[in-house]
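Both counts, for ligands and for their atoms, begin at 1 and track the order of listing. Only this structure's heavy atoms are used, side chains among them; waters, hydrogens and symmetry mates stay out. Since this is a predicted model, take the numbers as computed values, not measurements.
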Amino acid sequence: MLSQAAAGAILTIDLEALAENWRALRACLKQGAEAAAVVKADGYGLGAEQVASALTKAGCRTFFVARLEEGIRLRKALSKGERIFVLDGVLPGTASEFPAHGLIPVLNEPGQIKEWAALTQGQARAALHADTGMNRLGISQAELERLRPRLEKAGLCLVMSHLACSEEADNPKNAEQLGRFLEARKNLSHLPASLSNSSGIFLGSDYHFDLVRPGVALYGVNPTPGQPNPMRQIVELKARIVQVRDVDLPETVGYGATHQVLGKSRIATVAVGYADGWPRSLSNRGFGALAGVRVPLVGRVSMDLMTFDVTKTPGDAARPGGFITLLGDGASVDEVADLAGTIGYEILTNLGPRYFRKYVGG
Ligand SMILES: Cc1ncc(COP(=O)(O)O)c(C=O)c1O
């Protein structure tokens with residue numbers, strides 16, 4: 001067990017802020033619509049069991065994971081009453097695992113429907129994924145017509161689809177997919193329906209149907225890019241300072257000597273690197289916070305370490321054993337992702353196993 005004193009970084013996850021985000025999303029929904037929670041990829045890197053347990057306390061009853069294994073693990077943390085959908089659905093040879101573990105597969109393609117219907121004969125629940133133009137997973141409209149007789153034996157309890165461009169409110173693809181979803185539902189109108197992820201919720205009540213599937217917004221990433229973030233950040237990441245050194249011209253810092261000091265400087269080296277999921281693309285671009293001062297990441301991010309120019313921080317704020325904040329204290333997941341040339345999803349899901357994890361507010 002990793003001790004806090006020996007950890008290179010401390011990742012704090014605020015489960016009360018998470019629950020507040022879930023309640024805030026639920027409050028946006030049209031009357032009668034349910035808010036589920038997407039907790040795949042280990043709860044977007046933040047711990048699926050902890051996240052789902054906290055959301056259950058807040059009232060969430062439906063969860064989505066990607067992989068069968070994720071579902072099996074999560075099932076153990078939840079009570080029988082909570083539904084767990086598995087987005088990958090029935091990979092060949094796995095159908096019997098779903099009823100055995102109390103999981104609901106999302107049927108994505110004709111072979112999955114065939115295997116599921118043959119095994120369960122309508123005696124176990126499944127969701128149907130209709131493709132509405134993303135062309136990633138899901139049954140096309142033409143296939144849907146052809147498969148209709150078989151669907152009766154699939155035990156369907158939900159029809160769903162997924163939006164490709166929901167974070168761009170003006171993108172015409174949203175309305176196009178909505179239209180195709182309404183078409184797909186025509187002969188399935190007896191089934192509850194689900195279309196929206198986090199950003200889809202903000203496209204308005206036409207997109208809410210019976211169930212929404214937010215993921216990233218629960219974890220504090222902005223579902224309305226370009227507008228103020230309506231969600232609370234739920235993570236704080238503090239990197240341990242291992243060494244502080246004074247340097248002066250003509251020294252350089254780090255691999256490749258990519259940072260040339262401009263004069264008398266103090267450099268703090270912290271115990272986080274790209275092996276911890278901190279993007280190497282933040283080399284000479286990132287920043288941290290120390291004693292209320294933004295400190296630039298100078299030089300390259302290496303495997304286990306990176307370096308900050310702490311010249312402007314007061315007194316002994318930078319000292320071995322102290323911390324530089326990488327997320328929190330004004331550093332949002334979205335800003336870090338932008339600087340790294342990626343998205344908040346990737347920053348969160350890459351948060352490393354070497355961090356000491358603390359859950360608060362649950
Ligand atoms: C099918 C499906 N539904 C919902 C979500 C949640 O999306 P978001 O994290 O953007 O809310 C995802 C995530 O990728 C998904 O694949």
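Two rings, from F209 and F181, have their centers less than 6.0 Å apart.
When atom types are taken as modelled, the side chain of H208 and the backbone of I201 share a donor-acceptor pair closer than 3.5 angstrom. A donor-acceptor pair is defined here as one N or O able to donate and one able to accept, closer than 3.5 Å; such a pair exists between the side chain of Q233 and the backbone of V333. At least one donor-acceptor pair closer than 3.5 Å links the side chain of R294 to the backbone N or O of G330.
The only option from R75, K57, R61 that meets the salt bridge (Lys or Arg N to Asp or Glu O under 4.0 Å) definition with E82 turns out to be R61.
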Report each N/O pair between ligand 1 and the protein that falls under 3.5 Å, naming both atoms.
from, atom 1, to, atom 2, distance (Å)
ligand 1, 3 (N), R213, NE, 3.0
ligand 1, 3 (N), R213, NH2, 3.2
ligand 1, 9 (O), Y44, OH, 2.5
ligand 1, 9 (O), V216, N, 2.8
ligand 1, 10 (O), N197, ND2, 3.0
ligand 1, 10 (O), Y345, OH, 2.6
ligand 1, 11 (O), S198, N, 2.8
ligand 1, 11 (O), S198, OG, 2.5
ligand 1, 11 (O), G215, N, 2.8
ligand 1, 11 (O), V216, N, 3.4
ligand 1, 14 (O), K40, NZ, 2.8
ligand 1, 16 (O), R136, NH2, 3.3

Query raised in the report: Would T311 and R266 count as a side-chain hydrogen bond (donor to acceptor under 3.5 Å, both in side chains) if you check the C-alpha gap in whole Å, the side-chain angles of each, and the deciding distance to 0.1 Å?
Result: CA-CA 5 Å; T311 315; R266 299 202 86 201; over 6 Å; no

